[in-house]
Each structure stands twice: as structure tokens, then as C-alpha cells.
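Here the structure is a predicted model, which means the values were calculated and not measured.
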Amino acid sequence: MNKRTSILFLLLGVIHLSMFAQPVRNLKEAGDNQKAINLGKAQLERDIAELAAMKNKIFGMETGFGGLKLAEVQSFQKELILDMSREVKQSEEKIAQAKREVAQSGAEQRSSAREVGRSRRDRVNRDGDLGEGRDLRDDRRDRNDDRRDARDDKMDLQQRIALASRQKQILNSFKAFNFSLEPSAKEKAVANIRLAKEFMEIMEKDIAATKRELAEDHAEKREDRRERGEDRREKRERRRND
């Protein structure tokens with residue numbers, strides 16, 4: 001076997017492997033997406049319950065302050081500090097999760113770009129029938145979808161980092177303040193109650209973001225089903241051509 005023949009067999013082997021690698025990646029992406037959906041649903045249920053509890057405590061603190069019940073105000077403050085500390089920790093966990101999603105979507109984007117390149121080469125190296133043209137269009141669509149997903153994941157990460165930073169600022173200010181019923185301290189007390197409400201509003205934004213991400217994950221789930229359908233079609237076409 002001469003050198004040219006060896007190189008030809010090597011190239012054919014690489015092409016053969018790449019044809020079967022993409023269906024495996026599609027299955028893995030579908031599994032990862034379902035895990036993200038399950039995690040998102042669990043987080044959403046938890047966050048909604050925690051938001052409702054915080055609303056009640058802030059209302060209780062505000063009512064207690066208006067009724068000049070300092071012990072109640074201080075008691076609610078202690079509970080809210082614990083709740084805020086928990087939320088800050090959960091936000092850090094969500095940032096770590098968002099970073100993993102950015103890395104994963106980046107890998108998927110690179111993979112789909114390679115598939116476009118392979119489909120282009122196949123059209124040049126083969127007869128270029130309608131089936132191969134359809135493969136290239138499908139791969140380009142997958143690449144564009146993956147680009148959009150990668151861009152959305154990066155934006156989500158930046159938003160989570162900004163909101164988590166503000167949560168920490170609010171927690172530190174709220175924790176350092178000593179509530180008092182003295183008239184001179186009323187303005188600062190009201191300002192700290194507003195800080196607690198702002199923290200609650202950040203939780204609401206986080207819940208809205210989780211709902212958007214779940215909607216995107218469900219859209220991606222439908223896209224995964226379409227890609228697996230394409231994989232089955234390509235497999236049938238290869239069998240007919242063998």
C-alpha cells in the first residue's frame with residue numbers, strides 16, 4: 001500500500017467516525033437539556049416559596065415599625081438576614097451553574113461549526129445530490145441555533161453576576177443597621193426597609209429569568225427532537241447508499 005492510498009484510507013476513516021459522532025453528541029445534548037429543565041423546575045418552585053415567605057416578613061417588619069413594636073422589627077430583621085444570606089449563597093450557586101452552561105453552549109457551538117465544515121467538504125467531494133444539500137442546510141440551522149444559545153447564556157451569566165453583587169451590598173447594609181424607634185433614626189429605618197424590598201425585587205427578577213430559561217430549554221428540547229430525527233434520516237440514507 002503506497003503513501004497516497006494510506007492517506008486516502010485515513011481520511012475516509014475520519015469522515016466515517018465524524019458521521020457517527022454527531023448523533024452521539026445530539027443524544028448527550030438532549031440528556032443535558034433535560035437535566036437543566038428538571039433543575040430549573042425545582043429551583044423555580046423553591047424560589048417562589050421563598051419569595052412568598054420574604055414578602056410576609058417584610059410586611060410584618062413594616063407593620064411592626066409603624067406600630068412602634070421594636071421587638072417585632074428586630075425579630076423580623078434577624079429572620080430576613082438569614083433569608084438574605086441564603087439567597088446570596090443560592091445566587092453564587094446559580095452563577096457557577098451559569099458558567100457551566102456557557103462552557104457547554106460554547107462547546108456545542110464549536111461542534112455545530114465543525115459539522116457545517118464537514119457538510120461543505122462532503123458536497124465538494126461527492127456528487128452533491130439533494131440529500132447532501134439538505135444536510136448542509138440543517139447543519140447551518142443547528143449552528144445558528146447554537147450561536148444564539150451561546151449568546152443568551154453569556155447574557156444570563158452577566159445579569160446574574162450583577163444581581164448577585166447588588167444582593168451582597170443590600171445584605172451588608174441591612175445587617176449593619178440597628179433599628180430604633182427614635183425619631184432621628186426613622187429616615188434610616190425606612191431606607192433599610194426599602195432595601196429589603198429591593199432585595200425582594202431582585203428575587204422576582206431571578207424568578208422571571210428562571211422562567212425564561214425554562215422556556216428556552218423547552219424550545220431546545222424540541223430542537224433536540226428535530227436533530228435526532230435528522231440523525232435517523234441520515235442513517236437511513238447511508239444504509240440505502242451502502
Side-chain angles (χ1 to χ4, degrees), residues 35-106 150-217:
K35 289 179 183 177
I37 290 174
N38 294 340
L39 179 61
K41 285 181 177 179
Q43 288 179 342
L44 183 60
E45 291 177 3
R46 179 199 66 193
D47 292 347
I48 289 174
E50 290 171 351
L51 174 64
M54 181 168 281
K55 280 184 178 179
N56 289 334
K57 291 173 185 177
I58 293 174
F59 177 77
M61 169 182 273
E62 198 168 21
T63 302
F65 186 76
L68 304 179
K69 299 176 181 178
L70 183 60
E72 283 188 17
V73 173
Q74 292 173 334
S75 176
F76 279 120
Q77 183 187 22
K78 289 179 181 178
E79 290 185 32
L80 285 168
I81 287 171
L82 291 175
D83 290 348
M84 289 180 183
S85 299
R86 179 200 64 224
E87 291 299 320
V88 166
K89 183 178 179 180
Q90 289 177 0
S91 293
E92 291 172 349
E93 293 171 352
K94 289 176 181 177
I95 287 174
Q97 177 188 337
K99 287 181 178 178
R100 289 192 295 270
E101 290 173 357
V102 166
Q104 179 182 328
S105 60
R151 182 179 64 249
D152 291 345
D153 287 343
K154 287 179 181 177
M155 291 176 60
D156 174 61
L157 174 60
Q158 294 303 318
Q159 182 186 37
R160 287 197 179 280
I161 290 173
L163 292 178
S165 176
R166 181 56 183 157
Q167 280 182 322
K168 289 179 183 178
Q169 291 174 354
I170 293 173
L171 171 60
N172 291 334
S173 296
F174 190 75
K175 188 162 46 176
F177 183 71
N178 293 317
F179 277 90
S180 169
L181 297 179
E182 294 295 326
S184 59
K186 181 177 180 179
E187 186 175 339
K188 289 185 178 179
V190 171
N192 272 271
I193 292 175
R194 281 201 299 266
L195 281 179
K197 291 181 178 180
E198 183 185 348
F199 194 101
M200 183 181 67
E201 290 169 359
I202 292 175
M203 292 174 66
E204 291 173 339
K205 290 179 181 178
D206 179 65
I207 287 173
T210 300
K211 289 180 178 179
R212 286 195 303 271
E213 290 165 19
L214 274 172
E216 292 168 1
D217 288 338

Study note, to complete from the structure: To the nearest 0.5 Å, atom CG of Asn38 lies from atom CG of Asp217 at 10.0 Å

Review point. How many angstroms lie between atom CD of Glu213 and atom CD of Gln97, to the nearest 0.5 angstrom?
Key: 7.5 Å

N/O donor-acceptor pairs under 3.5 Å from side chains in residues 55-64, not counting sequence neighbours:
unit_1	atom_1	unit_2	atom_2	d
Asn56	ND2	Ala52	O	3.4
Lys57	NZ	Asp83	OD2	2.7
Glu62	OE1	Lys197	NZ	3.2
Glu62	OE2	Lys197	NZ	2.9
Thr63	OG1	Phe59	O	2.8

**Study point:** From Arg151 atom CZ to Lys154 atom NZ, the distance as rounded to the nearest 0.5 Å
**Key:** 10.0 Å

Check your understanding: What pairs with Ile161 under side chain to side chain contact (heavy atoms under 4.5 Å, CB included), at least two apart in sequence or on another chain?
Key -> Ile95, Leu157

Exercise for review: Only counting residues at least two apart or in another chain, list the ones meeting side chain to side chain contact (heavy atoms under 4.5 Å, CB included) with Asp152.
Suggested key: Arg148, Glu216

**Study point:** Spacing of Ser173 atom OG and Met84 atom CE [to the nearest 0.5 Å]
**Key:** 10.0 Å

Point to revise | Straight-line distance of Lys99 NZ to Asp156 CG, nearest 0.5 Å | key: 13.0 Å

Practice item. Sequence neighbours left out, what passes salt bridge (Lys or Arg N to Asp or Glu O under 4.0 Å) with Lys168? Give chain and number order. Key: Glu92

Review point. CG of Leu51 to CD1 of Ile48: how many Å apart, nearest 0.5 Å?
Key: 8.0 Å

Between side-chain atoms of residues 175-194 and protein atoms elsewhere (two or more places apart, or another chain), which donor-acceptor pairs fall under 3.5 Å?
unit_1	atom_1	unit_2	atom_2	d
Ser180	OG	Glu182	N	3.1
Asn192	ND2	Lys188	O	3.0

Review point. Ser91: what forms a side-chain hydrogen bond (donor to acceptor under 3.5 Å, both in side chains) with it, not counting sequence neighbours?
Key: Gln167

Study note, to complete from the structure: Closest heavy-atom pair, Leu171 versus Ser85, reported as atoms and distance to 0.1 Å, is CD2-OG, 3.8 Å

Would you be so kind as to tabulate the donor-acceptor pairs closer than 3.5 Å made by side chains of residues 199-209, with sequence neighbours excluded?
unit_1	atom_1	unit_2	atom_2	d
Asp206	OD1	Arg160	NH1	2.4
Asp206	OD2	Lys94	NZ	2.4

Review point. In chain order, what residues pass the side-chain hydrogen bond (donor to acceptor under 3.5 Å, both in side chains) check against Glu198, with sequence neighbours excluded?
Key: Arg166

